[in-house]
Amino acid sequence: MLADSSTRPTAPAAPPAGRGPSARRRRRRARGWLSAGLVAGAGGLAVAVLAPPAPATTTVLVAARDLPAGSALAGGDVVPAAWPRALVPPGAMTSADGAVLAGPLGRGEPLTRTRTAGPGLLTGQPAGAVAALVDLPAGAPPGLAPGTRVDVLARVVDPVTGAVTGASALAVDVPVLAVAGGAAPGGTSAGLGGAWPGGGAGDGPGAVVVAVTASTAADLAAAAGRTVLLVRGT
């Protein structure tokens, strides 16, 4: 007997295009990639908005290593470096050939005219001023620094007994240009422009550089070994 065709099982109808499980998986993957792309794009936009533009720079000379006071600069002592233009110190030097440091220069510090011995130390001083070295056998007073106003006295010594009988003022209310707190290695004068490594203000023999007239500088030189420094109050 032939089976009635109306009772035969029928195959499930195929889902409409775009609605099956595989289609749903494809849509989820697509949404995931789209979300990741949007997040990445937003992150890139945030970085672009928040990151400041690179500052304008200029080339300056900086110490290639720690350099002691009194160094005669030669090739390799200083190297060019890009420095933010807004932070370049006044008097930055572009050539260092033959320059002598008036004070120690730390690695990476820019070289300026006021850090070298010579006319740079007298920047801003009256016309005709000279830089005079004053030895301080008793040591520099504590806290002495460039810019301090001082009086320089010379002890008066009795030529017969050697006793100190008084003091005379050689320079009054003069500015300190550089300070050396202690004796440099080898017994030479300490470095200028800051405390000498191994010696500080009030720590044994030292010296200062002051701005004075030429005639006062001659008096200071004649009184070498007898000078005393008095710090003036502000």
Side-chain angles (χ1 to χ4, degrees), residues 54-137 139-140 144-148 150 174-212 214 217-218 220-221 224-225 227 229:
T57 61
T58 189
T59 301
V60 300
L61 294 179
V62 301
R65 58 184 179 279
D66 291 343
L67 299 171
S71 298
L73 299 180
D77 290 333
V78 293
V79 294
W83 204 265
R85 190 170 299 167
L87 300 180
V88 174
M93 298 175 63
T94 57
S95 175
D97 292 342
V100 177
L101 288 181
L105 195 66
R107 181 177 182 271
E109 287 188 63
L111 180 67
T112 63
R113 289 194 303 272
T114 55
R115 300 303 295 272
T116 60
L121 281 177
L122 292 168
T123 299
Q125 298 301 322
V130 299
L133 182 70
V134 179
D135 289 319
L136 301 173
L144 194 65
T148 304
V150 298
V174 295
V176 171
L177 301 178
V179 180
T188 59
S189 295
L192 307 179
W196 182 269
D203 183 26
V208 297
V209 177
V210 295
V212 294
L220 293 173
T227 49
L229 207 66

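- With sequence neighbours left out, the side chain to side chain donor-acceptor pair (under 3.5 Å) criterion links Thr148 to no other residue.
- Checked against side chain to side chain donor-acceptor pair (under 3.5 Å), Gln125 has no partners two or more places apart in sequence or in another chain.
- For Asp66 (side chain) and Arg107 (main-chain N/O), a donor-acceptor pair under 3.5 Å exists by modelled atom type.
- Applying the salt bridge (charged side-chain N to carboxylate O under 4.0 Å, His left out) definition to pairs two or more places apart or across chains, none involves residues 121-131.
- The line from CG of Leu136 to CG of Leu144 is 8.0 Å long, rounded to the nearest 0.5 Å.
- Residues that satisfy the side-chain contact (heavy atoms from CB on, under 4.5 Å) test with Val79, not counting sequence neighbours, are Val62, Ala64.
- Pairing each heavy atom of Ala63 with each of Leu105, the nearest pair is CB-CD2, 3.8 Å.
- Across all their heavy atoms, Val209 and Ala131 have their closest contact at CG1-CB, 3.7 Å.
- Closest non-hydrogen pair, Asp135 versus Ala207, comes out as OD1-CB, 3.9 Å.
- The minimum heavy-atom distance between Thr227 and Val134, with the atom names listed, is OG1-CG1, 3.7 Å.
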Report all side-chain donor-acceptor pairs from residues 83-95 shorter than 3.5 Å, counting only partners two or more places apart or in another chain.
{"residue": "Trp83", "atom": "NE1", "partner": "Leu87", "partner atom": "O", "Å": "3.3"}
{"residue": "Arg85", "atom": "NH2", "partner": "Thr57", "partner atom": "O", "Å": "3.1"}

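- Closest approach of Ala96 and Leu73 over heavy atoms only: O-CB, 3.7 Å.
- Leu67 approaches Asp77 most closely through the heavy-atom pair CD1-O, 3.6 Å.
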